[in-house]
Amino acid sequence: MHVVRFRARGIHIIRSISLTCPKRLPSSFAYSSSSRPAAAPEKMFKKALQDHPGSGTKPLHQTDLLRANAAAPSKPQPQSQSGGVKRKVEVAESSLGSLHNAVYFDENDFDDDLDLDEPQPLIAPSMASSAISKTVTYPSLDTTARNGQSVYGNEYSIDINYPDLPPMSQEAAAPQSSMQLPWSSSPPSHFQPPVKKPRTLPWTKEEEEPREDKKKSFVTPKRSRPTEPWNKSESTIKAEQKELRQEYKKTQKSDANPKPQDRSKIASVFLTDEQKAVSDAVVERGKSMFFTGSAGTGKSVLMREIIAKLRNKYRKEPDRIAVTASTGLAACNIGGVTLHSFAGIGLGKEPVPELVKKIKKNQKARNRWLRTKVLIVDEVSMVDGDLFDKLEEISRRIRNNGRPFGGIQLVVTGDFFQLPPVPDGSNREAKFAFAAASWTTCIQHTILLTNIFRQRDPEFADMLNEMRLGKITPRTIEAFRRLSRPLDVKDQIEATELFPTRAEVEGANSARMARLSGEIMRFNAVDSGTIQDPQHRERLLANCMAPPMIQLKKGAQVMLIKNMEDSLVNGSIGKVVAFMSEDYFDSYKENDKNFADDATASDDERANRARKKLKPMGYKEGPASMARKWPLVSFLQPDGTERHLLCQPETWKIELPNGEVQAQRQQVPLILAWALSIHKAQGQTLQRVKVDLGRVFEKGQAYVALSRAVSQEGLQVTRFEPRKVMVHPKVVEFYSNLVTITEINKSKSSSALNPDDFDDEDF
Ligand SMILES: Nc1ncnc2c1ncn2[C@@H]1O[C@H](COP(=O)(O)OP(=O)(O)OP(=O)(O)O)[C@@H](O)[C@H]1O
Ligand SMILES: [Mg+2]
C-alpha cells in the first residue's frame with residue numbers, strides 16, 4: 001500500500017493510494033486503487049509523524065505538501081469528493097431541543113464524583129454464557145461484515161490465510177478491574193476473569209471438533225481404586241506416579257498451546273497498514289492523534305487494539321491510561337467513563353477557575369488528572385468544543401504543566417459527519433471539538449482512514465460516502481429510492497427498524513411483543529459498584545446498553561450486546577427459541593447420542609424430546625427445572641448459518657482509570673431488536689436495516705442510520721429525500737482540508753511527494 005502524507009494546518013493524511021491486496025484484505029476492497037508498487041509505507045509514515053511544532057495553525061500552502069513517492073492516485077478516493085465542496089448545504093433548524101431530550105442522555109451522561117470516597121466492594125465475576133451452533137441455510141443473506149465491535153470476527157477470513165497469532169499476554173487480556181486490589185486479602189485467583197465455557201449441542205458435533213476441556217467434561221476420568229496409602233504396592237505407586245506425570249505433561253502442553261477457540265477470543269485483529277501505522281504512532285511514539293474516517297473504516301476496532309496495547313505498555317501502572325467517550329453509551333461500549341466523569345467536573349458549566357477548585361477538592365479526581373499519561377476519547381463528534389477547551393486548560397492548571405493539554409497524550413477518534421454534540425439547552429449552536437481553540441495545538445496528527453470494511457459493495461459504499469458529504473448525485477438519489485421495497489427475507493429474522501427517538505423504539509418493540517403468545521420472562525439486572533447512592537448509580541448506568549429489566553418471550557427478536565465469540569458479536573440479531581436452565585442445557589451434551597436425530601427438529605420440539613428422553617435416564621425435573629432459566633437464542637450469522645447461545649448474565653462496568661468500578665450491571669446480554677434508536681445503533685453493524693427518513697431531524701442522523709447496513713440487499717429506506725441528508729457546513733469545511741490532496745496531486749503532479757521527504761530527521 002502506498003502511503004501519502006499531507007500536512008496542512010497540523011493535519012496529516014495517511015492515505016492508501018494503492019492496495020497491493022494485503023493478505024487480509026480482498027482486492028475488491030482496494031477502493032483507492034493504483035497499480036504502482038509500494039514504497040516503504042512504514043518509513044513514510046514515520047515521516048508523517050514528524051513532531052508537530054507549536055500551534056500548527058499555519059495556513060494551507062501547496063508548498064507544505066510532501067509526497068511519499070511519485071505515484072498519484074489513478075482514481076479519486078471516495079473521501080476526496082468533499083474536496084472543494086462549495087455547494088450550499090442544508091442546515092437544520094435549531095429549535096430541536098425537545099427532540100434531543102427524547103433521544104439523548106443529557107445529564108445522565110454527566111455524573112459527578114461526590115461519592116467517590118465510598119468503600120469499594122468486591123466485584124462479582126460475570127457468569128459464563130454457553131454457545132452451540134448448527135448450520136442452517138438462509139437464502140439471500142448477505143455474507144458481509146459483522147458488528148463494529150467484533151475484533152475477532154474477521155469477515156474476510158474466507159479469502160485470506162492468516163498466520164497464527166501468538167497468544168496475548170495475560171496483562172493485555174485481563175481487564176483492568178481484574179487486577180488484584182492492593183487492600184484485598186483475597187487470593188489472586190479471585191481476581192482472574194471468569195472462564196467462559198462454550199457449550200455445544202450434540203448436533204453440532206460433526207461440524208466442530210470438541211475442545212480439549214469439552215472432551216474432558218464428557219469423559220469420566222479414570223480413577224485408581226482407593227487404597228490406604230500405607231498399603232500400596234511398589235507397582236501401584238509407580239503406576240500412580242506415571243499417571244501424575246502424564247497429567248502434568250498434559251496441563252503443561254495445554255498451557256503452552258492455548259486452545260484455538262481461546263486464541264480466537266483473545267487474538268488481535270489483523271490491522272491494515274494504515275491502521276497499524278496509527279497504532280504504532282500512538283503506542284510506540286506517544287503521538288497525540290485524531291483518527292477519523294467514514295462509517296465502517298474500523299475506527300472502533302483500531303481504538304480497541306490501541307487500548308489493549310496501551311494497557312500492556314502501562315501494565316504496571318494501569319491508571320496512566322484514561323479511557324473515556326463523549327456519551328455514557330459510547331463509554332460503556334469501550335469499558336470506560338464519560339469525559340465529564342473522568343474530569344470530575346459534574347456538568348462542567350462553570351468557568352475554568354471554579355472547575356479547577358472543584359477538582360482540587362476531590363482528591364480522587366485530582367489524582368486522576370495528575371496520573372493520566374494517555375487520554376482516550378471515543379466518539380469525539382459528540383464532544384462540545386467549549387468543553388474541550390475547558391478540559392485543556394484544567395489539565396494545564398492542575399498538572400502545572402504549560403504544554404498542550406498539560407502534557408497528556410490524546411488519542412481521539414470519531415467521525416464528525418455522524419452525530420453532533422448534544423445542545424446544552426441554551427440557544428447556542430453546538431460547537432464541534434475541532435472548532436475548539438486548543439484543538440490544533442493538542443492534536444499533533446490527524447489521520448484519515450480510507451478502507452471501508454463494513455460495506456463490501458463499492459457502489460453502496462460510494463452511495464453512502466456521497467450521503468456523508470451531503471453531495472448526492474441524481475443517480476444515487478434514484479438508487480436510494482429504489483431501496484424503498486420491502487426486504488426479501490425467507491427466514492424469521494426481520495429488518496431492525498431504526499428510529500430517531502426512544503419513544504418510537506419502545507412503541508414499536510412493545511407492539512411486536514404484544515403480538516407474541518407465550519409466557520413473559522422477566523430478567524432484572526443486578527447492579528453494584530463503589531457508588532452506593534442508588535440514584536447516582538442508576539444515573540451512571542442509565543446509558544448502559546443493558547437495560548435494568550428486560551421482558552422476553554419465545555419468538556422475540558433480540559440483539560446481542562456483547563462480543564461473545566468470533567461469530568457471536570455485539571450487534572448479532574437472533575430470535576429467542578426457548579428458556580432453559582444451565583443444567584438443562586448441560587443435559588444436552590451429556591446425553592448427546594440421544595439427540596443425534598434432532599438436527600431437523602425445531603428448538604421447541606428438540607427441547608420437548610430432550611425432556612422425554614432424559615426422564616427415563618434419571619433426569620429429574622426437580623432442581624434443574626427450579627433453577628433460573630435463561631433465554632436460548634438462535635442467532636443469524638453473516639454466512640447464513642444459525643448459532644445458538646444460552647444467554648446468561650454478562651457484566652458492564654463503569655470503571656475509572658485506577659480500576660475502581662464505580663458502577664456495574666449484570667444482565668442478560670440482549671435487547672429487543674425489532675426496533676432500535678439511531679443513537680444506540682451508532683457504531684453497530686447490522687445485516688438487515690429499515691429506516692424511514694421522514695422521521696430524521698438531526699444532522700448526521702440519516703447517514704448514521706443508513707451506514708449501519710452492510711449491503712443494499714439488507715437495507716430498506718422509505719421516504720428518501722435529499723433534503724433529509726443534512727450535513728454541517730463546518731464539518732464539510734474541516735474534512736475538505738483533509739482530502740484536497742487528491743485534487744492538488746492531480747493538478748500539480750510536479751509537486752509529487754518524494755520518499756526522501758520521509759527521512760527520520762523530520763521527527
Ligand atoms: N482490519 C480489519 N480487518 C477486517 N475487518 C475489520 C478491520 N477493521 C474493522 N473491521 C470490520 O469492519 C467493520 C466496521 O468496523 P468499526 O465498527 O470499527 O468501524 P467504525 O469506523 O468504528 O464505524 P462507525 O463509524 O460506524 O462506528 C466491523 O465489522 C469490523 O469487524
Ligand atoms: Mg465505531
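These numbers were taken from a predicted model, which means no experiment stands behind them. Atoms within a ligand are numbered from 1 in the order they appear, just like the ligands themselves.
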(message) Run the ring-ring contact (aromatic ring centres under 6.0 Å, His included) test on Phe416 and His728 for me, step by step, so that the C-alpha distance in whole Å, both residues' side-chain angles and the decisive distance to 0.1 Å come before the verdict.
(response) CA-CA 9 Å; Phe416 287 109; His728 202 294; over 10 Å; no
Hey, does the side chain of [X] reach the backbone of [Y] with a donor-acceptor pair shorter than 3.5 angstrom?
X: Lys299; Y: Gly293; answer: yes
X: Thr292; Y: Leu448; answer: no
X: Gln455; Y: Val710; answer: no

(request) Have a look at Phe270, Phe291, Phe453 and point out the one with the heavy atom closest to atom 5 (N) of ligand 1. (result)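 Result: the heavy atom closest to atom 5 (N) of ligand 1 is in Phe453.
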Contact with ligand 1 for [X], non-hydrogen, under 4.0 angstrom:
X: Gly683; value: yes
X: Arg708; value: yes
X: Ser707; value: no
X: Gln684; value: no
X: Asp415; value: no

(request) Please indicate whether any nitrogen or oxygen in Gln275 is less than 3.5 Å from any nitrogen or oxygen in ligand 1. (result)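 Min N/O separation from ligand 1 is below 3.5 Å for Gln275.
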(message) With respect to Leu271, determine whether any N or O atom, backbone or side chain, lies less than 3.5 Å from an N or O atom of ligand 1.
(response)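 For ligand 1, there is no N or O atom that lies under 3.5 Å from one belonging to Leu271.
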(message) Suppose I only count heavy atoms of Gln418 and a 4.0 Å limit; which atoms of ligand 1 are within that range?
(response)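 What qualifies from ligand 1 is 25 (O).
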(message) Do Gln418 and Ser381 pair up side chain to side chain, a donor and an acceptor below 3.5 Å, judged on atom types alone?
(response)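 The criterion, which ignores hydrogens and geometry beyond distance, is not satisfied for Ser381 and Gln418.
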(request) Go through the structure and list residues passing side chain to side chain contact (heavy atoms under 4.5 Å, CB included) with Asp378, not counting sequence neighbours. (result)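 Here the qualifying residues are Ala325, Ile334, Thr413.
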(message) Among residues at least two apart in sequence or on other chains, which ones pass side chain to side chain contact (heavy atoms under 4.5 Å, CB included) with Ala681?
(response)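 Side chain to side chain contact (heavy atoms under 4.5 Å, CB included) list for Ala681, sorted by chain: Leu498, Leu676, Arg708.
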(message) Strictly under 2.8 Å, is the Mg ion (ligand 2) approached by any N, O or S atom of Gln682?
(response)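 It does not: Gln682 brings no N, O or S atom closer than 2.8 Å to the Mg ion (ligand 2).
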